[in-house]
Amino acid sequence: MTSHPSRRDFLLAGAAALPLAGQPVAQGSHFTAPAVIIPPDSPPTVVASANGIRGVARAMELITQGVDTLDAIVEAVKIQELDPEDNSVGYGGLPNADGVVQLDASCMHGPTKRAGAVAALEGIKTPSEVAKLVLRYTKHILLVGEGAQRFALQFGFRIENLLTEESRQAWLRWRANLNPDDNYLDVPSGERFPTPPTGTINCCAVNARGEISSVTTTSGLAWKIPGRVGDSPIIGAGEYTDNDVGAAGSTGLGEANMKVCGAFLTVEGMRRGLSPTDACLETLRRVVATTEQRRLDPRGRPRFDLTFYALNKRGQYGCASMYAGYRAGHFAVHDGSEARLVGFAHLYEGEPPS
Ligand code: GLY
C-alpha cells in the first residue's frame, strides 16, 4: 500500500499512541477540534469511485509532479465528465424529465479551507472546473442554474449540447414507458431502465505534505424533476475535506445521503479515531436509520444504493457501500504503486431490493 513502507509502518504503529483530532487528550479535558496534527510526509494517496480508475492514475501523476491536490483531482474527474460513454457524469450524462442534462459538482481544498460548488448547471461539460473557479475566485460557495452558467461563460467556457444520441434515446424510452395512457407507444420492456440510474464520481487525494482535497461531480438522478439538486454539490454531503483529519465523498442516491450530511459525518468519524472503512460503515448505518419507510423493504433494507469513500491524513483509505453488488464491489485507489480496483466493505449482500 505504500512506496515508503518504513515511514508508513511507523505512522501506523504509532497510531494507537497518537490521538486523532477531537479525541480527549487528558481526563476531564474538553474536546478541541483538531487536537492533534498528524505528521506530514505520508506517501500521496488518491481514492475514487470505481469509474475513477483512469482518474486516480492521472491525479497521482500530477501530484508526484508537484501539482496541487485539488487541481490534480479535478483533472482526474474531468476524464469522466468529458467521456460520452459515462452516462452518469458531465457530457453524455442522462438528462432530467424534460430531456435536459443538468450537472452538479462540488470541491474542497484542505490547505486553504475553501469550498466551491455548482448545481443544476446546463450546457457546460466540466462542472468540476466551474466549482473550482467558484472556490478560487469568489466569496461564495454555491452557484446554481442560469447564474452558474453565466459565471462559467465569463471564465471562457462555451455552451455545448451535453445530450449524446445514446442518452437521448434512453430518455425517449423512459418517456414512452412512463405512462401507459399517454400518446406514446410503450417500447418493449427489455429496453427500459427498471429504476432511475444514479452514477457520479468522487475523488479524494492527500499529498506527501498532508494536503488534502476532495471533489464530486454528477449528472444526478436520471429523469429527475427539472431543478432537482442531489448530494454531490452540497458541501458536507457529496464531499468534505478537513485538512487536519481527511476527506470523504459519496456516490449513489443523493436524497438518502443529504439527510445525514454523509461526507461530513464520515470525516467526523475519522476524527474520533475510526478507520476510513469503519467511518464509512457507520455513516451507512446512520443513513439506514434515517430512511423513510417507503424506501425500505419489509426486512428494513434500503431499496437504493449509496457508497462512501474516505481517506485520512496518513493516506489510509476505505470505502463501504450499502450493497455488495454496487459497481462490482470495487473502488479505485492509487497509493504510489499503481492504480487498481480494491474491494469495498458493505452492509448488505447482493443488490438493492426493488
Ligand atoms: N449522488 C448523485 C445524486 O444523487 O445526484
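As a basis for the values below, the full set of heavy atoms in this structure was taken, side chains included, without hydrogen atoms, waters or symmetry mates. Numbers here simply count residues along the sequence, with the first being 1. Counting starts at 1 for both ligands and their atoms, in listed order.
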Is G254 close to ligand 1, meaning an N/O of one under 3.5 Å from an N/O of the other?
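Between G254 and ligand 1, an N or O pair is found under 3.5 Å apart.
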If you measure every N/O of G252 against every N/O of ligand 1, is any gap under 3.5 Å?
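Yes, since at least one N or O of G252 sits under 3.5 Å from an N or O of ligand 1.
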State the CZ-CG distance between F308 and L284, to the nearest 0.5 angstrom.
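Between F308 CZ and L284 CG, I get 6.0 Å after rounding to 0.5 Å.
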Under a 4.0 angstrom heavy-atom cut-off, which atoms of ligand 1 come close to S232?
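In order of number, 1 (N), 2 (C).
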Report, in ascending order of atom number, the atoms of ligand 1 lying under 4.0 Å from any heavy atom of T200.
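Counting from 1, the qualifying ligand atoms are 1 (N), 2 (C).
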Any side-chain heavy-atom pair from L70 and L135 closer than 4.5 angstrom?
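When only atoms from C-beta onward are counted, L135 and L70 do touch, with a gap below 4.5 Å.
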Counting only heavy atoms, which portion of R228 has something under 4.0 Å from ligand 1: side chain, backbone, both, or neither?
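Near ligand 1, R228 shows its side chain, while the N, CA, C and O stay back.
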Name the orientation class of the two ring planes belonging to F264 and Y240 (parallel below 30°, tilted from 30 to 60°, perpendicular beyond 60°).
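Answer is perpendicular, since the angle exceeds 60°.
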Among T218, L306, T251, D231, whose heavy atom sits nearest atom 3 (C) of ligand 1?
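The residue whose heavy atom sits nearest atom 3 (C) of ligand 1 is D231.
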Would the distance check show the side chain of N243 and the main-chain N or O of I212 forming a donor-acceptor pair, the cut-off being under 3.5 Å?
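Present.
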Non-hydrogen atom of E255 closer than 4.0 Å to ligand 1
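It does not; every heavy atom stays at 4.0 Å or beyond.
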Which side-chain N or O atoms in residues 150-159 pair as donor and acceptor under 3.5 Å with protein atoms at least two apart or in another chain?
| from | atom 1 | to | atom 2 | distance (Å) |
| --- | --- | --- | --- | --- |
| R150 | NH1 | E146 | OE2 | 3.2 |

Assigning hydrophobic clusters by single linkage (Ile, Leu, Val, Met, Phe, Trp, Tyr; side-chain heavy-atom cutoff under 4.5 Å), is M258 placed with V144?
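No: no chain of side-chain contacts under 4.5 Å links M258 to V144.
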